[in-house]
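My questions all concern the structure below.
As the structure lists them, so they are numbered: ligands from 1, and atoms in each ligand from 1. Computed from heavy atoms alone, side chains included, the values below leave out hydrogens, waters and symmetry copies.
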Amino acid sequence: MKCCLLLLLLAGRAFASPAPSTLSASTLIANVAGRTTVGLDGAWHAIVDPFDNGKSEFFRDEKPRSKGDRVEYSFDASPVLNVPGDWNTQREQLMFYEGPVWYRREFNYHKRVNERVFVYFGAVNYQAIVYLNGEKLGEHEGGFTAFNFEATRVLRDGENVLIVEVNNVRRADGIPALKFDWWNYGGITRDVMLVEVPATFIQDYSVQLARGSQNEIAGWVQLNGAQGAQGGQKVRLEIPEVGVHETVTSDAEGRATYHFTAKLDLWSPAHPKLYDVVLSGGDDVIHDQIGFRTIEVQGANILLNGKPIFLRGISMHEEAPFREGRAFSPEDAQTLLGWVKELGCNFVRFAHYPHNENEIRLADRMGLMVWSEIPVYWDIDWSNPATLAGAEAQLRDEIARDHNRAAVILWSVANETPVKPERLTFLTQLVKDARELDSTRLITSALNHTENTGTDERTLSDPLGDVLDVVGLNEYLGWYGGRPEDADRMQWKSKWTKPLIVSEFGGGAVFGRHGDANEIWTEEYQDNLYQRQLGMVERMPNLAGLTPWVLMDFRSPLRLLPGVQDYHNRKGLVSNRGQRKLAFYTLQKFYKRLAEAGK
Ligand code: GCU
């Protein structure tokens, strides 16, 4: 009797419901695009330091004071790297470099009274340690989320020296971990700026429709001010176009909440309506362009603004078209999302990490719904609390940056992760965190474990699906197993009546390589695979959307076939030179047919 009690207890622990979240509030300043900023992009002197030799001194940026002075490094004499930008595509000898690089940016600044200044980074891959005038401001981990540090106290009136040690070494306890199918581009990969705010300012806010309502706006404003200064403050929310002028008062923690009704034009792909929203609180006033829409699940349907919608999508990496490397600019976003629109999509999966804000904001304006994901990818260190904390921080900061974007409808907590208890506990915790951080969006993950439940039958039953709103399925029938024509017979089953998104299928082809449909790496092979897959997915139960793999060929250290891959994943429908492959038109035709059928 006692022994089975013990067994029960152990079992209880193995599958314990997730512990209360240890998540601290995000310190990210929301909507920097709507603030007063000083750009620090440009050419930064950089020291490539493979053995991290500079750890204890480079942050001081010392210079010889006399002829006999021995200083064995010099930013002045070191070549520059462009910021934003990965270092790999800026210098041939850095293409494969993984390690520390020290960046220095000198700038002149005129301080103003009653003003606070933060240094803001759009993203740095992977780890960043930030120093200003020789003082450490802070450190950040995770290559795809924004962060900022307050610099007010350390900032000088006049010459300032900002130094960042960047290290993109992969780590077994990292997010992602040691192995992933994209290039480990290192560097300060997105914009850097000084953000100037008043003594008490609006740190973050949420202005969205209440869950399930099309005319109730529910949300909050978080002020950041000296203790005591942020309480009892008047906070105003205005949407001039629809006559909304709401005033509320902040509590002692600087938090103000509101709930009111408004008659709004709802955001949708056909009508991506954004309103100018004005928030004022403390000494701060900011504008944002926000769309209002509801997104929910009903049985196997995804409802946008209360109506079922089919997600005609594509997956894409944040790889720059034509020049390659990390994409970051509005022009990169325009080109990539222009191709997405040309395919006839109303949806895009930003794989496998939070993409830059230019893409998200353009999707908002273009009317493209977005699947956003954190890089919990393949196998990671599931039982390591530090790894969980790292994943939670990336999820928190992803949501902190984009939670006011109507375009974002899905938060994905992981991609293709192994079915095992510690993984289930880890991801169930992340799903819980995501719901706590944002109750207005749907939670998903891309699953790839299915059971063979018959000759030509597969069943999706990964236990993680139990806690998701929408299940994503990555299947590579006809590429990583079987032949393209096997899709003609394959039957799929799902354990749930939840919406299913086929989040990946696909095959590789070299643009311009032609042959018959059985010849691998030809456009005809890829096209044949697409035709069969599209026929198959239409027969899938609960199908609510698709994001085939992948929009554009992208660089990957796992793709080594000379003359074919050359360190590129060739599953793109567009080559990295913007050339459309045959399958591009097959998917375009398929989406045209769906759209004409009202799907
Ligand atoms: C996986 C994975 C992708 C990868 C793709 C491929 O499913 O999610 O990141 O690039 O398959 O093998 O091409």
Side-chain angles (χ1 to χ4, degrees), residues 125 143-144 170 174-185 313-319 324 326-327 336 348-355 371-380 410 412-419 423 427 444-450 458 460 462 464-465 468 470-482 484 487 492 500-511 520-521 523 525-526 529-530 533 537 545-561 564-576 581 583-584 587:
N125 191 45
F144 305 98
R170 285 165 291 124
I175 302 279
L178 297 172
K179 196 167 179 185
F180 40 90
D181 192 19
W182 64 84
W183 205 262
N184 186 24
Y185 290 121
I314 188 83
S315 295
M316 63 177 257
H317 264 291
E318 191 191 44
E319 177 100 32
E324 301 194 289
R326 259 294 148 241
L336 293 166
V348 59
R349 176 183 178 210
F350 288 154
H352 293 289
Y353 37 77
H355 284 212
W371 160 313
S372 184
E373 186 162 284
I374 53 171
V376 175
Y377 181 93
W378 290 346
D379 214 1
I380 65 164
L410 285 153
S412 168
V413 294
N415 177 75
E416 293 195 356
T417 47
V419 175
R423 165 257 194 184
L427 293 179
T444 190
S445 175
L447 313 176
N448 64 333
H449 290 272
T450 56
R458 299 241 177 113
L460 181 58
D462 176 335
L464 180 62
L468 303 174
V470 172
V471 282
L473 169 65
N474 293 2
E475 54 82 17
Y476 279 90
L477 186 60
W479 188 258
Y480 292 129
W492 291 85
L500 169 70
I501 294 176
V502 176
S503 36
E504 291 184 33
F505 72 77
V510 178
F511 173 78
I520 198 153
W521 302 117
E523 291 190 42
Y525 186 105
Q526 185 190 45
L529 182 145
Y530 264 72
Q533 283 285 325
V537 296
L546 288 180
T547 53
W549 192 261
V550 65
L551 178 69
M552 184 185 87
D553 292 354
F554 60 94
R555 207 185 278 278
S556 165
L558 305 185
R559 309 296 166 174
L560 312 176
L561 186 56
V564 172
Q565 296 175 314
D566 298 317
Y567 294 108
H568 287 78
N569 184 313
R570 296 288 181 202
K571 295 192 180 71
L573 295 179
V574 182
S575 76
N576 42 307
K581 303 176 190 176
F584 180 98
L587 185 62

Check your understanding: Non-hydrogen atoms of Tyr480 versus ligand 1: any pair closer than 4.0 Å?
Key -> yes

Exercise for review: Taking atom types as modelled, find out whether Asp553 and Ser575 have a side-chain donor-acceptor pair closer than 3.5 angstrom.
Suggested key: no

Practice item. With the side chain counted from C-beta on, respond yes when Tyr476 and Glu504 share a heavy-atom pair under 4.5 Å apart, and no when they do not. Key: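 Counting from C-beta outward, Tyr476 and Glu504 do come under 4.5 Å.
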
Practice item. Check if Tyr377 has a non-hydrogen atom at a distance under 4.0 Å from any atom of ligand 1. Key: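 Within the 4.0 Å threshold, so yes.
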
Exercise for review: Would you check whether Tyr476 reaches within less than 4.0 Å of ligand 1, judged by its heavy atoms?
Suggested key: yes

Exercise for review: State plainly whether the residues Asp181 and Arg559 are in salt-bridge range, i.e. N to O under 4.0 Å.
Suggested key: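 Salt bridge: yes.
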
Exercise for review: Examine distances only and state if a side-chain atom of Ser372 and a backbone atom of Pro354 form a donor-acceptor pair shorter than 3.5 Å.
Suggested key: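 The answer is no, because no donor-acceptor pair under 3.5 Å joins these two groups.
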
Practice item. Provide the number and element of each atom of ligand 1 under 4.0 Å from a heavy atom of Asn415. Key: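 Every atom of ligand 1 under 4.0 Å from some heavy atom of Asn415: 2 (C), 8 (O).
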
Check your understanding: Given the side-chain rings of His317 and His352, with only the six-membered ring counted for Trp, is the space between their centroids under 6.0 Å?
Key ->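 Between His317 and His352, the centre distance is under 6.0 Å.
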
**Study point:** Atoms of ligand 1 close to Glu416 [distance to a heavy atom under 4.0 angstrom, numbered from 1]
**Key:**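 That gives atoms 1 (C), 2 (C), 7 (O), 8 (O) of ligand 1.
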
Practice item. Mind telling me whether Trp521 and Trp479 have parallel, tilted or perpendicular rings, with 30° and 60° as the class edges? Key: perpendicular

**Study point:** Heavy-atom donor-acceptor pair, Arg570 side chain to Gln565 backbone, under 3.5 Å
**Key:** yes

Review point. What are the atoms of ligand 1, with element, lying closer than 4.0 Å to any heavy atom of Arg559?
Key: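 In order of numbering, the contacting atoms are 6 (C), 12 (O), 13 (O).
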
Check your understanding: What's the shortest distance from atom 10 (O) of ligand 1 to any protein heavy atom, and which residue and atom give it?
Key -> Asp181 OD2, 2.5 Å

Review point. Which is it for Asn569 and ligand 1 at heavy atoms under 4.0 Å: side chain, backbone, both or neither?
Key: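 It is the side chain that gets close, since no backbone atom is under 4.0 Å.
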
Exercise for review: Decide ring-ring contact (aromatic ring centres under 6.0 Å, His included) for His568 and Trp183; before the verdict, give the C-alpha distance in whole Å, the side-chain angles of both, and the deciding distance to 0.1 Å.
Suggested key: CA-CA 9 Å; His568 287 78; Trp183 205 262; 8.1 Å; no

Check your understanding: Which of the atoms in ligand 1, numbered in the order shown and given with their element, are less than 4.0 Å from a heavy-atom of His352?
Key ->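 So the atoms of ligand 1 that pass are 3 (C), 8 (O), 9 (O).
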
Review point. Closest non-hydrogen protein atom to atom 13 (O) of ligand 1, residue and atom name please, with distance?
Key: Lys571 NZ, 2.6 Å

Review point. If you count the atoms of ligand 1 from 1 in the order shown, which ones are under 4.0 Å from a heavy atom of Phe554?
Key: 10 (O)

